[in-house]
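Everything on this sheet refers to the single structure shown next.
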Amino acid sequence: MSLKSFFAKIFANIVVMQQQKWIIKPVETQERLFQNLILQAKATQFGKDHLFFGIKSHADFVKQVPVRDYEGLRTYIDEVVEGKSAVLWKGKPLYFAKTSGTTSGVKYIPITKESMPYHVEGARNAILFYIQEKANADFVDGKMIFLQGSPEMEEKNGIKVGRLSGIAAHYVPKYLQKNRLPSWETNCIDDWETKVDAIVKETKDENMSVISGIPSWVQMYFEKLIQVSDKKVGDLFKNFNLFIYGGVNYEPYRKKFEQMIGRKVDSIELYPASEGFFAFQDSQKEKGMLLLLNAGIFYEFIKADEFYTENPKRYTIGEVELNVNYVIIISTNAGLWAYNIGDTVMFTSLKPYRIVVTGRIKHYISAFGEHVIGKEVEQALQEALQESDAVVTEFTVAPQIQPSEGLAYHEWLIEFEKEPENLIDFELKIDQALRNQNVYYDDLIVGNVLRTLVVTKVPAEGFNEYMKSEGKLGGQNKLPRLSNDRKIADFIHKIL
């Protein structure tokens with residue numbers, strides 16, 4: 001054991017013990033944080049407009065502050081972007097995390113000196129919880145790669161602007177700097193395909209022990225490594241045993257990753273976003289990610305099936321239930337108030353509070369009232385793959401409302417690494433798994449409103465071509481798992 005790994009284990013034990021102080025007092029932690037957020041923002045423009053001086057409880061907050069998305073807060077955010085002070089939070093932000101929205105165009109999410117440390121600590125603590133549980137920190141002696149956006153930033157009225165992953169690159173701890181790849185120059189390459197080629201060149205002969213990034217990005221990196229070296233990733237990197245990811249569910253990718261690596265490796269799931277670092281996988285034995293209740297964010301939850309009703313109930317952490325699909329609402333020390341980030345989550349544990357991300361409130365299929373969500377299609381595909389030797393590269397699902405003949409159906413557009421031996425049998429297995437999860441979809445099949453789903457085989461690189469056409473290849477962009485329209489499906493059919 002090296003000195004570095006020895007001290008990493010000691011540090012991990014200390015941090016995990018410190019975190020237990022809030023983990024065992026979740027409701028009190030959130031209440032204390034809520035009161036502090038209101039106190040800190042009373043003198044801001046938003047605080048004055050929403051009578052923060054009179055808010056003493058969550059019930060008061062609900063009366064004074066409606067749930068909003070980016071467009072709803074835009075008039076305030078625009079003032080912050082213009083350089084005004086004390087609008088949503090005291091002073092001015094340190095950064096704007098620049099993201100691309102589907103309805104809002106470019107979005108500027110404020111990151112303050114109070115919120116920035118939690119973006120860094122979340123990722124750090126995820127690794128420390130892993131070290132503490134496994135009692136092994138040998139990987140800290142190897143090289144670590146973090147596939148991320150460019151760290152280069154521009155300025156807007158004196159405030160630095162960049163991608164979240166690029167901003168975070170400026171905060172990598174000194175003790176990791178020597179182990180970290182790729183180089184700063186390579187990280188600054190904007191074109192994703194050029195960047196991946198450069199990363200492969202830099203890393204293929206190194207002792208890589210940790211690889212981190214969105215699965216779809218890492219998949220491209222692995223494919224190019226195999227192409228260049230003619231070796232499996234696990235043979236090329238013999239000490240690679242930990243994959244850290246976030247952004248999308250890993251399960252649909254797991255089988256192909258294990259094939260490319262040549263063995264199973266441990267994985268840690270993170271839940272970072274420009275708006276805050278929400279959760280991380282705190283155990284290899286338990287399902288879900290630990291919701292970070294002391295990280296400058298006050299959480300509210302609205303049941304997904306009530307979200308579009310008038311005045312839906314906003315639940316606090318002490319009121320949530322297991323296995324209910326919730327829209328997650330946040331108020332933060334970066335000045336986002338009752339803010340809908342668009343994600344849906346489900347609690348897998350209440351002691352401690354652990355969640356899984358189930359999808360996006362706007363990403364679903366309900367062309368016929370079935371309201372199929374991301375978690376359901378991912379689970380259905382995973383179950384079918386367990387009974388097949390097929391390997392899937394990427395997929396998305398769309399409704400086919402007006403087929404040339406027969407009943408309407410859900411079209412699954414799948415890019416296979418290896419096709420199933422019997423595609424019809426594979427379709428039926430996915431369909432049955434989906435019916436088992438979603439009673440509304442099952443009713444539509446039984447009632448002959450829909451026929452069983454249809455799989456369309458997507459050519460290699462087909463989804464990358466779509467993402468490229470949208471200017472969203474790489475970066476923080478992910479292919480939607482499902483859509484209520486046929487925009488992606490129509491593009492794919494044009495290239496078939």
Are R481 and E378 close enough for a salt bridge, meaning some N to O gap below 4.0 Å?
yes

Donor-acceptor pair, E306 side chain versus K303 backbone, under 3.5 Å?
no

What verdict does the side-chain contact (heavy atoms from CB on, under 4.5 Å) test give for E465 and F491, after you've listed the backbone C-alpha separation in whole Å, the side-chain angles of each residue and the deciding distance to 0.1 Å?
CA-CA 9 Å; E465 287 299 316; F491 179 92; 4.2 Å; yes

Under 4.0 Å between a side-chain nitrogen and a carboxylate oxygen: does that hold for K264 and E258?
no

So, does K429 use its side chain to make a donor-acceptor pair with the main chain of E383 at under 3.5 Å?
no

Distance under 6.0 Å and angle within 45° of the ring axis: does R451 meet both against Y409?
yes

Main-chain N/O of I341 paired with R360 side-chain donor or acceptor, under 3.5 Å:
yes

Minimal heavy-atom distance between V345 and T358, with the atoms involved, is N-OG1, 3.6 Å

Kindly determine whether K487 and E470 satisfy salt bridge (Lys or Arg N to Asp or Glu O under 4.0 Å), including the steps that lead there.
CA-CA 11 Å; K487 181 181 178 183; E470 294 287 304; 3.1 Å; yes

Quick check: does any side chain N or O of E370 sit under 3.5 Å from a backbone N or O of V372, one acting as donor and the other as acceptor?
no

Is a side-chain N or O of S388 found less than 3.5 angstrom from the main chain of A384, in a donor-acceptor match?
no

Is the shortest heavy-atom distance from the side chain of I297 to the side chain of F277 under 4.5 Å?
no

Salt bridge K478-E394, side-chain N to carboxylate O under 4.0 Å
no

One thing to verify: whether K313 and E319 come together as a salt bridge, which I'm taking to mean a side-chain N less than 4.0 angstrom from a carboxylate O.
yes

Salt bridge E411-R486, side-chain N to carboxylate O under 4.0 Å:
yes

Under the 3.5 angstrom rule, does the side chain of Q284 hit a backbone N or O of K134 as a donor-acceptor pair?
no

Check whether any side-chain N or O of R163 sits under 3.5 Å from a backbone N or O of K98 as a donor-acceptor pair, and report yes or no.
yes

Spell out, as yes or no, whether a donor-acceptor pair under 3.5 Å connects the side chain of Q30 to the backbone of L293.
yes

Is the distance from the ring center of Y271 to that of F280 below 6.0 Å?
no

Is it true that a side-chain atom of T344 and a backbone atom of G359 form a donor plus acceptor pair closer than 3.5 Å?
yes

Between N333 (side chain only) and E114 (backbone N and O only), is there a donor and an acceptor less than 3.5 Å apart?
yes

